[in-house]
K.L.:
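First the structure, then my questions, so here it is.
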Amino acid sequence: MLHSVFTKAVRDRLVATLVAAVSVGALTVFSMVVYRDVDVSLYQNLPPALRELMGIPDAAGVAALAYGAMYDFIGVLVFAGLAISMGASAVAGEEQDGTMGLLLSNPVSRRGIVISKSMAMVALIGLGALLLWALGVLAPRWSGVSVEGLDPGAMTLALGVNALVYGFLALAIGAATGNRGAASGVAITVMIVGYLAESLLPLTENLGWVAEIFPWHYYNSSRPLINGIDWGQLAVLIGIVVVSFVGALVGVAARDLKEKSVGVTLADRLRANRRTRKIMERIAGGARVSRISVKTMSDFQGLLVVTGMVVFYLGLIVGPLYGFVPQDLVDFFAQLPDVLIAMVGGANMATPEGFYQAEMFSITGPVAVIVLTASMGAKAIAGEEENGTMGLLLSNPVTRGHVISEKTVAMTIHALTLGVAMFLGCWLGARLGRLDISAGGLAAASTQLALLGLVFGGLALAVGAATGRPRFASTLTAAAAVVAYFVWTFLPLSERLEPWAVLSPFHFYLGGDPLRNGLVWDHIAVLAAMFLTLALVSVPLFSRRDLRG
């Protein structure tokens with residue numbers, strides 16, 4: 001039996017933390033091997049301003065490039081996402097899962113729960129950063145490359161504190177609102193917008209100062225890998241953590257805690273409206289509840305709204321921003337060699353299509369859609385079991401296969417809806433920026449984005465159906481997405497390894513350049529086949545397994 005909230009919180013997230021650190025560390029070793037086949041003089045010959053923007057030192061070596069790609073980009077996103085998940089679940093997750101009352105039945109106060117959960121988050125992110133530092137020290141030794149002039153310890157320290165910023169922000173919002181979706185959504189939005197601001201706005205002549213509003217600037221601008229720790233900027237990040245922690249303590253004490261089923265779902269609203277009541281009654285059929293797919297869509301409507309707003313508004317902003325990029329920098333992007341273009345997902349940023357691909361479709365869109373579909377897939381079966389509602393669900397005249405099919409329908413509708421939000425935001429942004437970019441190309445890329453999300457959602461569904469463990473399903477899916485992105489982005493840098501890039505679902509997402517060429521039907525067929533295969537495999541995996549108590 002666990003003796004405290006702290007030990008339970010650590011136990012619940014320990015495996016995910018270790019998987020994240022080991023995965024990023026292992027990919028760092030592999031990326032150093034890949035970069036050994038690359039002529040690094042390409043990076044050394046870049047203009048000083050661009051090298052500074054990309055965080056590449058004057059004497060860029062294999063280790064600097066690998067650290068920059070894996071720790072300073074993928075590692076930051078992975079650990080920030082892990083911290084956001086911890087923070088959003090600390091209070092709001094306990095409420096929505098109906099376990100907050102059980103926690104408070106022990107001799108512990110609301111603020112005591114917040115303090116214990118906060119300590120667990122700091123301990124886990126600290127452990128992960130420490131392990132990442134150890135692997136970062138060992139990686140160049142194992143791959144036989146030099147790390148002269150680099151400070152991986154400073155980088156991992158800054159990475160860990162940066163992750164805590166977003167984790168504590170999610171904690172504060174969740175403690176004040178009791179809404180896990182809002183907590184994670186706002187924190188993810190702040191992170192993505194900050195990343196885009198820091199990467200985009202310095203390219204313009206007059207808007208670089210706006211990036212200083214976001215926490216990402218105080219992690220990234222000092223280049224800790226090259227320059228060591230900037231204690232002033234680190235103090236800013238720690239200050240944000242402290243303010244968020246205090247906000248969580250105040251918020252949870254000043255609010256009445258919610259019961260698990262207090263929220264009004266979309267289906268409830270539609271049944272209450274006289275215009276849609278008959279339709280909803282037909283959907284519900286003879287049972288006392290709506291269709292499983294409708295209930296599932298209602299359960300995830302908050303996450304859909306948050307992720308949809310993120311991709312819509314960012315797409316709206318990116319178009320006009322392209323007009324602020326100096327022409328000489330656009331001309332320079334047009335002359336970049338393929339090895340550098342590969343680092344931004346094969347996107348030539350000298351063109352509007354390449355700019356949108358690099359800033360929206362290579363990173364932001366996949367993160368948003370995979371967060372949505374992986375959450376739905378992991379909780380489709382395993383979540384029902386963990387919440388104790390699977391028995392109630394199966395007490396209706398439905399088979400296990402029917403439950404999976406209904407959950408799959410809901411996931412498909414939400415993924416396509418997010419794709420529509422992506423298309424509308426990017427299309428309106430392109431119109432506002434007066435960019436010559438095809439609406440058909442944007443629609444094709446958005447469609448294939450939805451299919452990419454469904455592939456990873458299907459993976460989470462299959463793993464959850466096989467194990468009944470939602471956190472394991474979501475952790476494994478996140479790790480698979482990171483590996484798939486690495487395979488697609490970095491293997492083409494090596495002539496020996498380039499053929500293996502086709503193993504990644506990302507290859508069938510953007511490999512055919514849908515922004516320029518429109519729908520790539522054979523790639524669409526592959527992505528759809530992957531998703532349907534995973535969904536079909538989930539049926540026997542679930543049907544042959546005893547349900548967990």
Side-chain angles (χ1 to χ4, degrees), residues 15-16 19 81-82 84-85 88-89 93 96-97 180-181 184-185 188 291-304 306-308 365-387 389-390 393 400-419 449-485 505-506 509 527-543 545 547-548:
V15 172
V19 168
L82 187 65
I84 289 170
S85 177
S89 299
Q96 291 187 346
D97 291 341
R180 176 166 49 191
S184 58
I188 289 172
R291 294 182 66 92
I292 297 171
S293 57
V294 176
K295 168 88 167 48
T296 303
M297 286 189 290
S298 298
D299 290 341
F300 287 91
Q301 63 181 330
L303 185 57
L304 174 64
V306 170
T307 53
V367 168
V369 75
I370 291 172
V371 165
L372 175 64
T373 56
S375 298
M376 297 185 72
K379 294 180 180 178
I381 302 301
E384 297 280 3
E385 290 187 60
E386 187 175 68
N387 292 338
T389 54
M390 180 59 77
L393 194 60
R400 294 189 180 190
H402 181 74
V403 171
I404 288 181
S405 67
E406 291 281 321
K407 298 282 188 174
T408 302
V409 168
M411 187 195 306
T412 302
I413 292 173
H414 270 17
L416 292 174
T417 302
L418 185 64
L449 173 68
L451 288 171
L452 175 74
L454 288 173
V455 169
F456 289 102
L459 175 61
L461 173 65
V463 175
T467 65
R469 300 179 182 278
R471 284 178 182 155
F472 178 74
S474 58
T475 298
L476 185 63
T477 301
V482 170
V483 172
Y485 182 83
F506 281 88
Y509 162 48
L527 291 173
M530 288 180 182
F531 170 55
L532 291 175
T533 300
L534 289 166
L536 290 173
V537 166
S538 302
V539 177
L541 290 175
F542 181 39
S543 298
R545 182 174 58 80
L547 299 183
R548 297 171 62 235

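By convention here, the first residue in the shown sequence is residue 1. Basis for what follows: all heavy atoms, side chains included, without hydrogens, waters or symmetry-related copies.
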K.L.:
One pair to check against side-chain contact (heavy atoms from CB on, under 4.5 Å): H414 and M297. What are the steps and the verdict?
P.N.:
CA-CA 7 Å; H414 270 17; M297 286 189 290; 3.5 Å; yes
K.L.:
So with a 6.0 Å cut-off around CZ of F300, is the heavy-atom count from everything else above 12?
P.N.:
yes
K.L.:
CE of M411 to CZ of F531: how many Å apart, nearest 0.5 Å?
P.N.:
5.5 Å
K.L.:
Taking all non-hydrogen atoms of both residues, which atom of A368 and which atom of T307 are closest, and how far apart?
P.N.:
O-CG2, 3.9 Å
K.L.:
How close do L452 and Y509 get, heavy atom to heavy atom, and via which atoms?
P.N.:
CD2-CD2, 3.6 Å
K.L.:
Just how far is it from atom CG of L527 to atom CG of L449, taken to the nearest 0.5 Å?
P.N.:
10.5 Å
K.L.:
Looking at L461, T408, L459, V403, which one forms a side chain to side chain contact (heavy atoms under 4.5 Å, CB included) with S538?
P.N.:
L461
K.L.:
Just how far is it from atom CG of L454 to atom CG of L416, taken to the nearest 0.5 Å?
P.N.:
6.5 Å
K.L.:
For a quick test of reading the model, state the closest non-hydrogen atom pair linking L541 to A466 and the distance between them.
P.N.:
CD1-CB, 4.0 Å
K.L.:
Find the distance between CD1 (I413) and CG (L418) and round it off to the nearest 0.5 Å.
P.N.:
14.0 Å
K.L.:
Under a 3.5 Å distance rule, please check whether T475 uses its side chain to pair with a backbone N or O of F472 as donor and acceptor.
P.N.:
no
K.L.:
Measuring from atom NZ of K379 to atom CZ of R471, what distance do you get when rounded to the nearest 0.5 angstrom?
P.N.:
9.0 Å
K.L.:
Got I381 and I404 here, is their nearest side-chain heavy-atom distance under 4.5 Å?
P.N.:
yes
K.L.:
Taking the side chain from S375 and the backbone from V371, do they hold a donor-acceptor pair closer than 3.5 Å?
P.N.:
yes
K.L.:
For V539 and G401, work out which heavy atoms get closest and say how close.
P.N.:
CG1-CA, 4.0 Å
K.L.:
Going by the angle between their ring planes, with limits at 30° and 60°, are Y485 and F506 parallel, tilted or perpendicular?
P.N.:
perpendicular
K.L.:
Do T417 and L304 come within less than 4.5 Å of each other through their side chains, counting heavy atoms only?
P.N.:
yes
K.L.:
Please give me the minimum heavy-atom distance between A479 and V19, naming the atom from each residue.
P.N.:
CB-CG1, 4.3 Å
K.L.:
Please report the shortest heavy-atom distance between A473 and V463, naming the atom on each side.
P.N.:
CA-CG1, 3.6 Å
K.L.:
Pair T296, M376 - check side-chain contact (heavy atoms from CB on, under 4.5 Å), show working.
P.N.:
CA-CA 8 Å; T296 303; M376 297 185 72; 4.0 Å; yes
